[in-house]
2 protein chains.
Amino acid sequence: MAEPAEDTEDIIGPSSAPATAESPSSTSTSPSHHGATQSQPPPVSATKPPAKRNAFTELMSPKPKAPISQAPQSMASKASQVIRGVWRGALGEYIEHPERFPSQVLRVTPNTVLLKDAFPKATIHLLLLPRSPAHYLLHPHAALADPAFLAMMRAEAASAAKLAAAELARQLGSFSATNRARDEALSKGAKDGEEERLPPGRDYEKEIRVGTHAHPSMAHLHVHIISRDMRSERVKHKKHYNSFTTQFFVPLADYPLAADDVRRETGFQNGNLKRDLVCWRCGKGFGGRFAELKRHLEEEFEAWRAE
Amino acid sequence: MAEPAEDTEDIIGPSSAPATAESPSSTSTSPSHHGATQSQPPPVSATKPPAKRNAFTELMSPKPKAPISQAPQSMASKASQVIRGVWRGALGEYIEHPERFPSQVLRVTPNTVLLKDAFPKATIHLLLLPRSPAHYLLHPHAALADPAFLAMMRAEAASAAKLAAAELARQLGSFSATNRARDEALSKGAKDGEEERLPPGRDYEKEIRVGTHAHPSMAHLHVHIISRDMRSERVKHKKHYNSFTTQFFVPLADYPLAADDVRRETGFQNGNLKRDLVCWRCGKGFGGRFAELKRHLEEEFEAWRAE
DNA sequence: TATTCCGATAGTGAC
DNA sequence: GTCACTATCGGAATGAG
């Protein structure tokens, strides 16, 4: 998804210093998801105990073995070499050299890189990339079967979702009825952050979705942090839209997937991408008429941000 | 096919005075066709005897009855009214008011109007329209089952084919090896028309094809007089090409069609239009790759005109 | 399912 | 099978010193 691209305006605040690592809390609360099924208890055979680990040990520890690994660790760096320079490996650049992309990278921790998707499919669209070579070339279903890795990604994603929600509030708060009191208080000089003095405003975290694609094209594991609206010039065809609005999109909260989860099936997922278009907000069907859906999404965007 | 359109250069000589009728020989020799099957003896139940008739009696005579008429005569003028002004009836304008299109109409006789196709699908592409209201809204298969009408159309088409061949010689003669001696004699001052003194040159009538479309879109009966090359910017998709290079194109020499002729079948003809593309000259297949065929046709055109 | 380019395919509207 | 316009659908290339 993300490739080195020209900078754009109106982004999630000024870019933080790219290589400035923040101290991550590797086992914080799960991000607030909405809709979709809830995650099952993790019955998957994992090699790591759910014991608490810090970021450094996480990165440096031995990698999970066979059950969740498609590419043995010994091949990981080799695969990384092969992938470098071709489009499938483009995200690797952000992992290895986040400092080269100050306008796209929002945050670097010992465990992850958070960046703006270069081809955003909604008003807010971020990617969370794990930095662990033992995991980042695995299929999401495999990597996220590792409980410790999953816990780390959930914690980092929760933080990223808060950042995304704050940016959504910044961009759309003034259009929101729910947010009006807070917005007016802010415009009267109240400072953001003084939460105790401000009206609560709209809960924009509910409008942020966090999850993976069932069959990613980019080799490096990436978790999408995306606003619900799907309003973007970069949404250009049915697969773009369906990859985020059908079960092709797997909420991070749903991991680890059960062994028989239908979302693992390629045929099922190919069908999802080709399915008739349905408005994510009102459920109206549009068949294959993508342009008509796009026009409809503009109207829904206006209504959605006005909520 | 032909609609009122802008004039173009490099056309079949200067436009003849449009409304100037020529005296047609209503029963002259058949046009020289090539390829395809030869015409069978006419076993079709026809209402008119094959007796010789002149143009006037042909136009004024009572119309053929049921066996070859889809629309009874009483309905013909009504249908003409309904069709006028919409695209299916566009050719009616040339029949009723040939004098309005001096740059497109090449010849008007009591029986026919000959005009340049406004969207030519080859180097030379003319349309021959019968003027008889009793025939011109019939399906070609029906109208051309009338022996007298067929004989008239063949005679007029033969004349049109000669005109087309002459224009082809004018445009392409200088590129032709076969034509070189004649071309050089002409360039040395010999006058065209003094056939006894000129080398024979290439027989361009062999490169002209005369026939109908099995399922025309334009309501008025029209016979195509078209050069073989299919080289034209107006050939824009598979159906354009296949409508002239498959059995969808029915040579005038093949009329009247037998009752069980496969070319009457809609399913067969729809299949012809959708068939994989094949070069008319070398037989090479191009699948559905129309753009590739187009590039190939440019090469074939060079070789063909050099023959 | 990365994008982009090209091109084949499909539906419509025309008065 | 009329044209012209829009758009959907489908494959192929994509890097690089």
Side-chain angles (χ1 to χ4, degrees), chain A residues 1-5 82-93 117-119 121 127 139-140 212-220 222 224 234-244 246-250 263 266 268-274 276-277 286-295, chain B residues 1-5 82-91 117-119 121 127 139-140 212-220 222 224 234-244 246 248-250 263 266 269-274 276-277 286-295:
Chain A
M1 305 210 80
E3 292 180 358
V82 169
I83 277 168
R84 180 178 298 138
V86 303
W87 65 264
R88 290 195 69 250
L91 294 180
E93 291 295 299
D117 192 300
F119 302 91
K121 301 303 188 293
L127 298 181
H139 188 282
T212 67
H213 277 162
H215 298 302
S217 287
M218 305 302 280
H220 295 81
H222 51 287
H224 298 272
R234 298 300 194 167
V235 178
K236 294 182 175 180
H237 51 66
K238 182 187 283 188
K239 287 183 180 179
H240 282 154
Y241 185 79
N242 280 347
S243 72
F244 287 99
T246 69
Q247 290 186 79
F248 193 91
F249 184 85
V250 182
R263 291 172 293 181
T266 300
F268 172 75
Q269 295 296 17
N270 284 342
N272 276 327
L273 292 177
K274 293 176 183 172
D276 282 355
L277 298 159
F286 290 83
R289 301 181 305 280
F290 182 79
E292 195 180 330
L293 169 67
K294 288 283 286 182
R295 289 188 289 271
Chain B
M1 305 210 82
E3 292 180 358
V82 169
I83 277 168
R84 180 178 300 138
V86 303
W87 66 264
R88 291 195 69 251
L91 294 180
D117 193 299
F119 302 92
K121 302 303 188 293
L127 298 181
H139 188 284
T212 67
H213 277 162
H215 298 300
S217 286
M218 305 302 280
H220 294 82
H222 52 287
H224 298 272
R234 299 298 194 168
V235 178
K236 294 182 176 181
H237 51 65
K238 182 187 284 189
K239 287 183 180 180
H240 281 155
Y241 185 79
N242 279 348
S243 72
F244 287 100
T246 69
F248 193 91
F249 185 85
V250 181
R263 291 173 292 182
T266 299
Q269 296 296 17
N270 284 343
N272 276 327
L273 292 177
K274 293 176 183 174
D276 283 354
L277 299 159
F286 290 83
R289 302 182 303 282
F290 182 78
E292 194 179 331
L293 170 68
K294 288 283 286 181
R295 290 187 287 268

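Proteins get letters first, then strands, A, B, ... in listed order; numbering begins at 1 in each. Only this structure's heavy atoms are used, side chains among them; waters, hydrogens and symmetry mates stay out.
- The backbone N or O of B:Ala214 sits less than 3.5 Å from a side-chain atom of B:His139, completing a donor-acceptor pair.
- C:dC5 and D:dG15 have their P atoms separated by 12 Å, given to the nearest Å.
- The minimum heavy-atom distance linking B:Gly288 with B:Asp276 is given by the pair N-OD1, 4.3 Å.
- Not one side-chain nitrogen or oxygen of B:His237 sits closer than 4.0 Å to the OP1 or OP2 atom of D:dT2.
- If you take CZ of B:Phe286 and P of C:dG7, they are 15 Å apart, rounded to a whole angstrom.
- With C:dT4, D:dT2, D:dG1 as the candidates, the nucleotide lying closest to the side chain of B:Ser243 is D:dG1.
- Protein atom CG of B:Asp117 is 13 Å distant from nucleotide atom P of D:dG1, rounded to whole Å.
- Of the two residues near DNA chain C, A:Leu273 and A:Lys236, the one whose nearest nucleotide lies more 5' is A:Leu273.
- As a whole-Å value, the separation of B:Asn242 CG from D:dG1 C1' is 12 Å.
- Under the side-chain hydrogen bond (donor to acceptor under 3.5 Å, both in side chains) criterion, A:Gln269 pairs with A:Asn272, not counting sequence neighbours.
- Put simply, B:His240 has no side-chain N or O that comes within less than 4.0 Å of OP1 or OP2 on D:dT2.
- One interatomic measurement links the two molecules: NZ of B:Lys294 to P of C:dC6, which rounds to 18 Å at whole-angstrom precision.
- The ring-ring contact (aromatic ring centres under 6.0 Å, His included) search around A:Phe286 returns A:His296, not counting sequence neighbours.
- Side-chain nitrogen and oxygen atoms of A:His220 include none within less than 4.0 Å of the OP1 or OP2 phosphate oxygen of C:dA2.
- The shortest distance between the side-chain N/O atoms of B:Arg234 and the OP1/OP2 oxygens of D:dA4 is below 4.0 Å.
- The side-chain contact (heavy atoms from CB on, under 4.5 Å) check on B:Lys236 picks up B:Arg234, B:His240, with sequence neighbours excluded.
- Direction change of the helix axis from one end of the helix from C:dA2-D:dT14 to C:dA14-D:dT2 to the other is 10°, with five pairs defining each end axis (rounded to 10°).
- C:dT9 atom P lies 8 Å from atom CG of B:Leu277, rounded to whole Å.
- Applying the side-chain contact (heavy atoms from CB on, under 4.5 Å) rule to B:Lys239 yields the partners B:His237, B:Leu273; only residues at least two apart in sequence or on another chain are considered.
- The B:Ala291 side chain lies nearest to C:dA8 when the options are D:dG1, C:dT3, C:dA8.
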Between protein and nucleic acid, restricted to nucleotides 9-13 of chain D and to nitrogen or oxygen atoms under 3.5 Å apart, what atom pairs and distances do you find?
none

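- The NE2 atom of B:His213 sits 8 Å away from the P atom of D:dG1 (whole-angstrom rounding).
- With C1' as the reference atom, C:dC15 and D:dA4 are 15 Å apart, rounded to whole Å.
- With sequence neighbours excluded, the residues forming a ring-ring contact (aromatic ring centres under 6.0 Å, His included) with B:Phe248 are B:His213, listed by chain and number.
- At the phosphate of C:dC6, neither OP1 nor OP2 sits under 4.0 Å from any side-chain N or O atom of B:Arg295.
- A pairwise comparison of heavy atoms in B:Leu277 and B:Lys238 identifies CD2-CG, 3.7 Å as the closest pair.
- Put simply, CZ on B:Arg289 is 12 Å from C1' on C:dG7, counting in whole angstrom units.
- A straight line from NZ of B:Lys239 to C1' of C:dT9 spans 10 Å, rounded to a whole angstrom.
- B:Lys121 places no side-chain N or O within donor-acceptor distance of the main-chain N or O of B:Val235, the cut-off being under 3.5 Å.
- A:Arg289 meets the salt bridge (charged side-chain N to carboxylate O under 4.0 Å, His left out) test with A:Glu292; sequence neighbours excluded.
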